[in-house]
Amino acid sequence: MSENVVSLHKNPEPPTDPAPVTTLTVVPDPAPAKPVPLWLRSGRAIRTAATHDTTRTTARTVARHGLYVAGGARIVAKRAWDGRTAARYERYMRTAEAAGNFEAAAEWEERGQRFRDARHRRRMDLLHSPLDAAKGAAVSTGMGIGGLILIGIAMAIATKDATEVVTPLMAVIKFINLMVTIVQVVWGPAVSLAPFLALLALWSVGAHQQAAPQWALPDRVRNGEGEPITPSIVVKALRDLGVPALRNAIKDMGDAGASMLSPIVIAGCGIEVDVTLPSGVSTNEVQSKRRKLAENLSRHEHEVFVTIPQAARTVRLWVADSGALDEPIGPSPLVTDDTLTADYAKGKAPWGQDLRGDAASLSLYQRHLLITGLSNQGKTVALRSLALWLSLDKSVQFLMGDLKGVGDWAMFEGLAQVLIQGPTDEHVIQVTEMVEGAVEEMNRRIQAPPGNQFPPLIVLVDEAQVAFMCPAKDEDKRPYGGAKANSRYFMAVRKIHNQGRAVNVLMWQGTQDPTNENLPKLVREGAHTRASLALGTESQARMALGDKAVDGGAAPNLLRPGLDRGTLVVASDGINIPAGQSSITVRTHYVNDDDATAITDRAKVLRDGVTTLTLIERGEERDPLADIAAVIGDAPRLRTQDVLKRLSALDADAYGDWSPGDLTRVLDGTGAEPYKSDGRMVVGRDQITRALAHRDTEDSASDA
């Protein structure tokens with residue numbers, strides 16, 4: 001009892017009983033745990049050892065190398081069979097028939113028949129070869145012995161020793177005896193080692209061809225990481241794509257589908273191959289399974305591009321080397337070449353590299369431009385790179401509106417005629433009036449006499465979606481934003497799209513996350529060059545690039561946000577696109593702010609000096625003389641036509657209708673009248689400065 005646990009329980013009693021009764025309950029000790037049988041412990045240890053990673057790796061290694069021998073034997077046997085029979089020609093003939101190429105099938109049948117005829121002649125020759133060989137050996141032996149005896153006779157005459165007659169013959173006999181002795185010594189070990197050498201040869205063939213089941217191969221091979229693309233891998237990837245007609249056609253082809261492929265060629269940081277699909281398989285069936293195709297090729301989805309070349313029923317596959325697209329490309333020629341210049345009409349802007357590693361250059365001549373994409377994917381840098389190149393052509397003029405306003409375009413101050421930076425409704429209003437001023441300049445150029453040549457005017461608006469989404473209205477209740485016929489920004493852009501190209505007034509826009517609300521259909525379709533960085537959906541890709549480009553394989557929605565920053569898909573006739581394709585993927589050069597500032601500094605040296613307007617004033621009384629001085633800036637002189645254009649950009653309401661006569665009227669009597677320089681009417685800076693100083697002196701005297 002002393003070894004048991006005793007517990008005390010008080011049983012409840014009726015309230016009338018004053019003395020509760022206490023009872024004792026004995027709780028026995030728990031039964032001791034039974035020892036684990038030895039056989040069970042041994043089984044657990046065996047199971048643990050059998051499932052251990054080291055055991056599995058060892059077993060897989062042993063199985064792999066054994067299966068290499070079996071696979072090598074199978075490959076060698078197949079090669080031997082193909083070499084001795086017409087099986088190869090039969091396969092090629094069936095493949096050509098399956099592809100519908102009956103001319104090629106007839107050619108392979110003819111080649112097979114020629115092979116059979118040649119084989120028959122060789123076999124017939126074997127029937128006569130023993131007798132011919134015996135005759136030849138007898139003749140050769142007789143001639144050889146006779147020759148040796150003649151040599152011996154010559155030696156005997158020379159040495160006057162008759163025994164020298166048999167010396168050459170005995171030397172040959174001794175040499176033959178030596179060879180027999182060597183063979184007797186080597187033959188035993190060679191016979192013993194021959195099976196092992198044969199197994200080693202079969203193992204080498206199997207290891208080279210990875211002739212083992214997938215489960216037995218090393219992890220790096222089974223995962224396909226970095227695995228080079230071969231024809232068999234491409235065919236297997238297509239066979240396992242889940243298209244029944246394609247799978248059955250490959251199965252029926254004698255060459256297992258190899259005839260579908262063009263030669264695999266190195267293309268930049270990857271490979272390129274054209275696949276001619278069998279009858280009954282359409283190209284969009286392969287395009288729609290891009291992810292599965294990439295995984296079958298042991299690649300990520302963004303590392304495989306499927307496009308449609310000119311050839312019928314053909315898809316072109318570009319497969320990147322594993323991880324190659326994550327490596328940055330080199331710096332821009334704008335940064336590395338201080339002597340680089342631009343030519344708006346004949347040159348092309350160095351923008352980046354295509355997937356083949358070739359330089360991708362874009363012509364900007366008379367092409368409206370639209371670049372779109374998700375936020376923080378490199379849109380501003382890509383757009384700015386084009387403007388930086390074009391700034392090196394001193395004839396190009398810029399009107400710029402940055403509706404982000406964080407200084408991405410600040411380096412163009414002193415280079416652009418107008419630079420408005422800020423995200424507010426007030427900035428949208430000013431950008432809208434800037435674009436409307438460009439419309440007036442476009443109309444002036446259109447109404448000019450035929451034959452006039454006009455310098456290119458680039459109207460650039462970054463973050464244009466802010467303008468389209470602006471709710472502000474003017475005093476006539478006309479909205480600045482929106483996509484209706486009374487929207488001021490929308491209509492100004494549309495007018496430039498409609499007629500600006502003919503007189504070198506071009507509209508460039510950068511916008512985020514395109515929708516029908518922040519990028520109206522008529523505006524995006526008015527751009528000649530459309531480019532897109534990473535997007536979220538296919539519908540956005542169609543908005544950015546158009547249905548034709550997306551149906552042809554363009555897929556900016558499959559780019560990886562953040563990881564593929566700076567990579568864009570371009571649809572334009574201004575860039576070299578492979579024949580039959582509707583778009584090209586470009587990895588753009590990154591030009592940072594410091595390098596961009598250095599480039600604009602070079603561009604400013606090419607010009608006489610530009611006074612950049614950062615604010616467009618509206619509805620206030622103007623001082624024409626002071627405004628003329630402001631638009632001339634640091635230039636020693638400026639043509640009257642340029643003065644009028646800059647005044648119009650400064651305030652279209654006050655100066656938009658001015659003619660050279662109005663300018664002459666204002667300056668008449670000030671001592672700063674226009675004069676001729678190099679055959680053109682100009683206004684001098686020094687004369688305007690003196691006129692202002694003289695006027696201020698007179699005003700001060702009158703006030704006194």
Side-chain angles (χ1 to χ4, degrees), residues 394-399 416-418 430 432-459 492 495-496 499-500 502-505 607-613 615-699 702:
K394 64 180 181 180
S395 67
V396 178
Q397 302 170 356
F398 293 96
L399 303 178
Q417 292 182 334
V418 177
Q430 294 182 28
T432 301
E433 294 182 349
M434 176 191 76
V435 179
E436 290 175 338
V439 173
E440 294 180 2
E441 169 63 14
M442 176 189 72
N443 292 333
R444 185 191 69 80
R445 294 183 178 189
I446 293 174
Q447 296 169 8
N452 284 353
Q453 298 295 323
F454 301 103
L457 176 62
I458 307 300
V459 186
K495 289 176 181 178
I496 294 178
Q499 295 179 298
V503 289
N504 283 334
V505 178
R607 290 166 167 78
D608 292 333
V610 177
T611 300
T612 299
L613 305 179
L615 184 66
I616 298 179
E617 301 291 345
R618 304 178 311 279
E620 62 178 352
E621 186 177 351
R622 309 296 312 192
D623 182 351
L625 195 60
D627 287 343
I628 293 171
V631 299
I632 291 178
D634 297 331
R637 66 188 64 85
L638 198 65
R639 291 187 303 169
T640 55
Q641 289 291 344
D642 293 335
V643 173
L644 291 173
K645 286 190 293 185
R646 295 186 181 188
L647 288 174
S648 178
L650 178 65
D651 191 338
D653 293 334
Y655 303 117
D657 298 330
W658 270 33
S659 65
D662 295 321
L663 181 63
T664 302
R665 175 179 50 79
V666 170
L667 296 179
D668 190 22
T670 63
E673 294 84 357
Y675 63 95
K676 276 193 176 182
S677 175
D678 295 331
R680 297 185 178 184
M681 297 301 295
V682 299
V683 178
R685 179 191 60 192
D686 294 340
Q687 292 86 338
I688 292 292
T689 303
R690 285 196 300 268
L692 280 173
H694 181 68
R695 187 188 67 177
D696 293 341
T697 302
E698 289 182 347
D699 292 342
S702 63

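With sequence neighbours excluded, no residue forms a salt bridge (Lys or Arg N to Asp or Glu O under 4.0 Å) with E440. Taking A492 as the reference, V435, E436, V439 meet the side-chain contact (heavy atoms from CB on, under 4.5 Å) condition, with sequence neighbours excluded. For R445, the salt bridge (Lys or Arg N to Asp or Glu O under 4.0 Å) test picks out E441, with sequence neighbours left out.
Contact record, V683 with P674: CG2-CG, 4.2 Å, taken as the closest heavy-atom pair. In terms of heavy-atom proximity, A629 sits nearest to L692 at CB-CD1, 3.6 Å. Here the closest non-hydrogen pair linking V459 and M434 is CG1-CE, 4.2 Å. Residues A438 and L457 come closest through the heavy atom pair CB-CD2, 4.5 Å. The two atoms that bring S395 and P456 nearest to each other are O-CD, 3.8 Å, heavy atoms only. Across A635 and R685, no two heavy atoms sit closer than the pair O-CB, 3.2 Å.
Sorted by first and then second residue, the ring pair (Phe, Tyr, Trp, His ring centres under 6.0 Å) pairs with a member in residues 637-656 read Y655-W658; sequence neighbours excluded. Sorted by first and then second residue, the side-chain hydrogen bond (donor to acceptor under 3.5 Å, both in side chains) pairs with a member in residues 666-677 form an empty list; sequence neighbours excluded.
For the atom pair CD of Q687 and CD1 of I632, the computed distance is 9.0 Å after rounding to the nearest 0.5 Å. With values rounded to the nearest 0.5 angstrom, I628 atom CD1 is found 9.0 Å from D623 atom CG.
Taking 4.5 Å as the limit, every side-chain heavy atom of T640 sits out of range of all side-chain heavy atoms of T664.
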Do any side-chain atoms of residues 641-649 form donor-acceptor pairs under 3.5 angstrom with protein atoms, and if so which ones, sequence neighbours left out?
unit_1: D642; atom_1: OD1; unit_2: K645; atom_2: NZ; d: 3.4
unit_1: D642; atom_1: OD2; unit_2: R639; atom_2: NE; d: 3.3
unit_1: R646; atom_1: NH1; unit_2: V631; atom_2: O; d: 2.9

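No more than 12 heavy atoms of other residues, nucleotides or ligands lie within 6.0 Å of CG in D678, so this atom counts as exposed by the packing criterion.
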Would R607 and V396 satisfy side-chain contact (heavy atoms from CB on, under 4.5 Å), going step by step from the backbone distance to the final call?
CA-CA 10 Å; R607 290 166 167 78; V396 178; 4.3 Å; yes
